[in-house]
Amino acid sequence: MSAEHDAPEASGTPGAPERPEEITVRDPVSAPDAEGRPRRATRRFPLFTRDTARPEGGGRAAPSDAPAPARQWPILAVLLTVGIGLLVTAVDQFRLGTLLIGVALVAGALMRWLVRNVGMLAVRSRFTDIVTYGGLGLGIVVLALMVQPEPKLRIPFLADLLHFTISG
């Protein structure tokens, strides 16, 4: 880091205000330190994390003058659907309730992919959110379709695998 004083003296009078130093930086820099001087950039991660970055879609999903629930409609839609799915499961409709939960997570993945600002639905990077919501949602949907009795989805090698592990 090198700094040069390119500014000439302000004026020869003793009470004249001083001009701030102009800093010329020739090395790559990152954020300034506590005194306002630029720091040399480094590729190493800091020892202590001082701040976290906002997720890509972490902005509001509606304008700031809208009421709070309207600003967070994506996460509220997913949570409401999951809540309905849990309620349906509690009243002894297991397959339908778990299907609702899985579909809610898949819908969250689709919203994360298609909608630019999804509010609090954005937790991590867009890719990670889509893979997490979509993977969990599809897994829950597949398991809900395979639930006994009368499964709607049959995967032939799973029965053979189960019999092989138990009898083997």
- Just jot down the side-chain contact (heavy atoms from CB on, under 4.5 Å) partners of I75, sequence neighbours excluded, or say none. Q72, L79, M120, L121
- Message: Going by the rule side-chain contact (heavy atoms from CB on, under 4.5 Å), which residues pair with V131 if we only count those two or more places apart in sequence or in a different chain?
- Response: F127
- Query: Do you know the tightest heavy-atom contact between G134 and A109?
  - Reply: N-CB, 3.5 Å
- Query: Going only through I, L, V, M, F, W and Y residues with side-chain contacts under 4.5 Å, is there a path from V106 to Y133?
  - Reply: no
- Note on the structure: Residues at least two apart in sequence or cross-chain that pass side chain to side chain donor-acceptor pair (under 3.5 Å) with T132, listed by chain then number, are none
- Taken to the nearest 0.5 Å, the spacing of L153 CG from M146 CE works out to 6.0 Å
- T81, V82, L80 screened by side-chain contact (heavy atoms from CB on, under 4.5 Å) with I84, the one that passes: L80
- Donor-acceptor contact below 3.5 Å, side chain R126 vs main chain R112: yes
- Item | side-chain contact (heavy atoms from CB on, under 4.5 Å) partner of L105, the single match among L110, L136, V141 | L136
Can you list, pair by pair, the side-chain donor-acceptor contacts under 3.5 Å of residues 86-103, counting residues two or more places apart and other chains?
| from | atom 1 | to | atom 2 | distance (Å) |
| --- | --- | --- | --- | --- |
| T89 | OG1 | G85 | O | 2.8 |
| R95 | NE | A144 | O | 3.1 |
| R95 | NH1 | E150 | O | 3.3 |
| R95 | NH2 | V147 | O | 2.4 |
| R95 | NH2 | P149 | O | 3.4 |
| R95 | NH2 | E150 | O | 3.3 |
| T98 | OG1 | F94 | O | 2.9 |
| T98 | OG1 | R95 | O | 3.1 |

- Side-chain cluster (under 4.5 Å, hydrophobic types only) that L143 belongs to, other residues: none
- Between I130 and L114, is there a shared hydrophobic cluster once you connect ILVMFWY residues whose side-chain heavy atoms come closer than 4.5 Å? yes
- D129 side chain to V123 backbone, donor-acceptor under 3.5 Å: yes
